[in-house]
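Taking it in order: structure first as structure tokens, then the write-up.
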Amino acid sequence: MKKFNLVDAVVLIIIAAVVIAVVYRITTSSRNVGGANLLSEEQYMYVELYANQVVPETIDTLQPGDKLVANGKQTTGEIVYVEAEPAAYIGMDNDGNTVLTQHPLWNDLHVIIRDKVNPSEVTLKAGEQEVRVNYTFILKTQQFEGNSKVRSIEFVPVDEADSVDPQTMFGNLSSFAEAE
């Protein structure tokens, strides 16, 4: 019969510590993306998108409730908020200094989309596209297609989604929020 020695005890303690750490990490939501519990069921993922210098005539084709499309079909992703404002533009003043101003023709577009996801997935997808902050997202509906950037992502439990106000969810969406 083999004796139990100190090395075996240390190895068992290390293995137990690793298992405890992994379980703690998975079940502690405050340490995960958006405070999501990795063992949870599907939640709504709200994604704030920003598209700059969009032709104004195209903006009217985007409406809350529009479904995102991919691969020739509608997806479960949908638009929940759309706001357009004059485009942020870097120009020059009369003294030749660069200034942040508004473009006279184009608009900047703020869109919030949502889709049901399981936050424990390694790759988050909305409208069948990967979503990461600062990632380029092709905002595509039946009538609109344009490039945008992902500004932020938030998760909301499905049973709390009715009480969410997308317009206030991400704070001030304005391009000029810091310039004013």
Side-chain angles (χ1 to χ4, degrees), residues 32-36 40-91 98-180:
N32 296 320
V33 175
S40 69
E41 296 293 321
E42 285 188 321
Q43 295 186 11
Y44 277 116
M45 176 178 62
Y46 288 81
V47 180
E48 177 191 358
L49 302 173
Y50 173 74
N52 63 331
Q53 300 183 352
V54 176
V55 178
E57 294 81 13
T58 63
I59 293 169
D60 293 335
T61 64
L62 287 173
Q63 300 295 323
D66 288 353
K67 294 288 188 182
L68 301 179
V69 297
N71 303 318
K73 63 180 180 175
Q74 289 186 337
T75 68
T76 57
E78 69 177 320
I79 295 174
V80 293
Y81 177 78
V82 179
E83 178 185 315
E85 66 179 359
Y89 186 74
I90 298 175
T98 56
V99 293
L100 179 62
T101 185
Q102 295 177 344
H103 195 281
L105 300 175
W106 297 326
N107 286 38
D108 286 347
L109 190 59
H110 303 276
V111 177
I112 298 175
I113 60 172
R114 80 174 182 182
D115 206 344
K116 277 187 181 177
V117 299
N118 185 339
S120 67
E121 296 293 324
V122 173
T123 303
L124 298 171
K125 290 187 176 188
E128 298 185 16
Q129 290 184 66
E130 288 187 30
V131 176
R132 292 185 183 89
V133 173
N134 199 42
Y135 205 69
T136 299
F137 185 89
I138 300 172
L139 179 58
K140 187 175 181 181
T141 67
Q142 185 181 23
Q143 297 181 18
F144 179 91
E145 182 171 346
N147 289 332
S148 62
K149 284 281 190 179
V150 176
R151 289 180 105 176
S152 56
I153 300 169
E154 287 193 27
F155 296 95
V156 175
V158 172
D159 59 345
E160 295 176 21
D162 291 337
S163 64
V164 170
D165 180 9
Q167 183 175 355
T168 59
M169 176 177 255
F170 294 102
N172 191 339
L173 300 176
S174 171
S175 301
F176 294 99
E178 296 177 21
E180 294 177 344

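The shown structure was predicted, so the numbers you read here are calculated from the model rather than taken from an experiment.
- Nearest heavy-atom pair, Gln53 versus Ala88, reported as atom, atom and distance to 0.1 Å: NE2-O, 3.7 Å.
- Between Phe155 and Ile153 the shortest side-chain heavy-atom distance falls below 4.5 Å.
- For the atom pair CG of Asn52 and NE2 of His110, the computed distance is 10.0 Å after rounding to the nearest 0.5 Å.
- Among the candidates Ile113, Asn147, Val54, the single residue satisfying the side chain to side chain contact (heavy atoms under 4.5 Å, CB included) test with Leu139 is Ile113.
- Annotation for Thr136 and Lys149: closest pair OG1-NZ, 3.6 Å, computed over non-hydrogen atoms.
- With sequence neighbours excluded, the residues forming a side-chain contact (heavy atoms from CB on, under 4.5 Å) with Val69 are Gln74, Lys140, listed by chain and number.
- Between the side chain of Asp115 and the backbone N or O of Gly127, at least one donor-acceptor pair lies under 3.5 Å.
- For the 3.5 Å distance criterion, the side chains of Tyr50 and Asp108 qualify, holding a donor opposite an acceptor.
- Across every non-hydrogen atom of Val150 and Arg132, the tightest pair is CB-O, 3.1 Å.
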Mind running side-chain contact (heavy atoms from CB on, under 4.5 Å) on Lys116 and Val158 for me, showing each step along the way?
-> CA-CA 8 Å; Lys116 277 187 181 177; Val158 172; 4.1 Å; yes

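- Nearest heavy-atom pair across Leu109 and Ala84 is CD1-CB, 4.3 Å.
- The CZ atom of Arg114 lies 14.0 Å from the CD atom of Glu154; values are rounded to the nearest 0.5 Å.
- With no hydrogens or angles considered, a side-chain donor-acceptor pair links Glu48 and Ser152 at under 3.5 Å.
- With Thr101 contributing its side chain and Gly91 its backbone, the two residues share no donor-acceptor pair below 3.5 Å.
- For the atom pair CG (Asp159) and CD (Gln43), the distance works out to 9.0 Å, reported to the nearest 0.5 Å.
- Atom-to-atom distance recorded for Thr76:OG1 and Tyr44:OH is 9.0 Å, nearest 0.5 angstrom.
- The aromatic rings of His103 and Tyr89 lie perpendicular to each other, with more than 60° between the two planes, well past the 30° mark.
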side-chain contact (heavy atoms from CB on, under 4.5 Å) assessment of Gln129 paired with Ile138 | CA-CA 8 Å; Gln129 290 184 66; Ile138 300 172; 3.8 Å; yes

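- Residues Phe137 and Val47 form no side-chain contact, since every pair of their non-hydrogen atoms from C-beta on lies 4.5 Å or further apart.
- Residue Ile90 places its CD1 atom among 12 or fewer non-hydrogen atoms of other residues, nucleotides or ligands, all under 6.0 Å distant.
- Side chains of Glu83 and Tyr81: a donor on one and an acceptor on the other come within 3.5 Å.
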Side-chain atoms of residues 61-68: list all donor-acceptor pairs with protein atoms under 3.5 Å, sequence neighbours left out, distances to 0.1 Å.
unit_1	atom_1	unit_2	atom_2	d
Thr61	OG1	Thr58	O	2.6
Gln63	NE2	Asp60	O	3.0
Asp66	OD2	Gln63	N	2.9

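- In this structure, Glu130 and Thr123 approach most closely via the heavy-atom pair CG-CG2, 3.3 Å.
- In terms of heavy atoms, Val131 sits closest to Lys125 at CG2-C, 4.2 Å.
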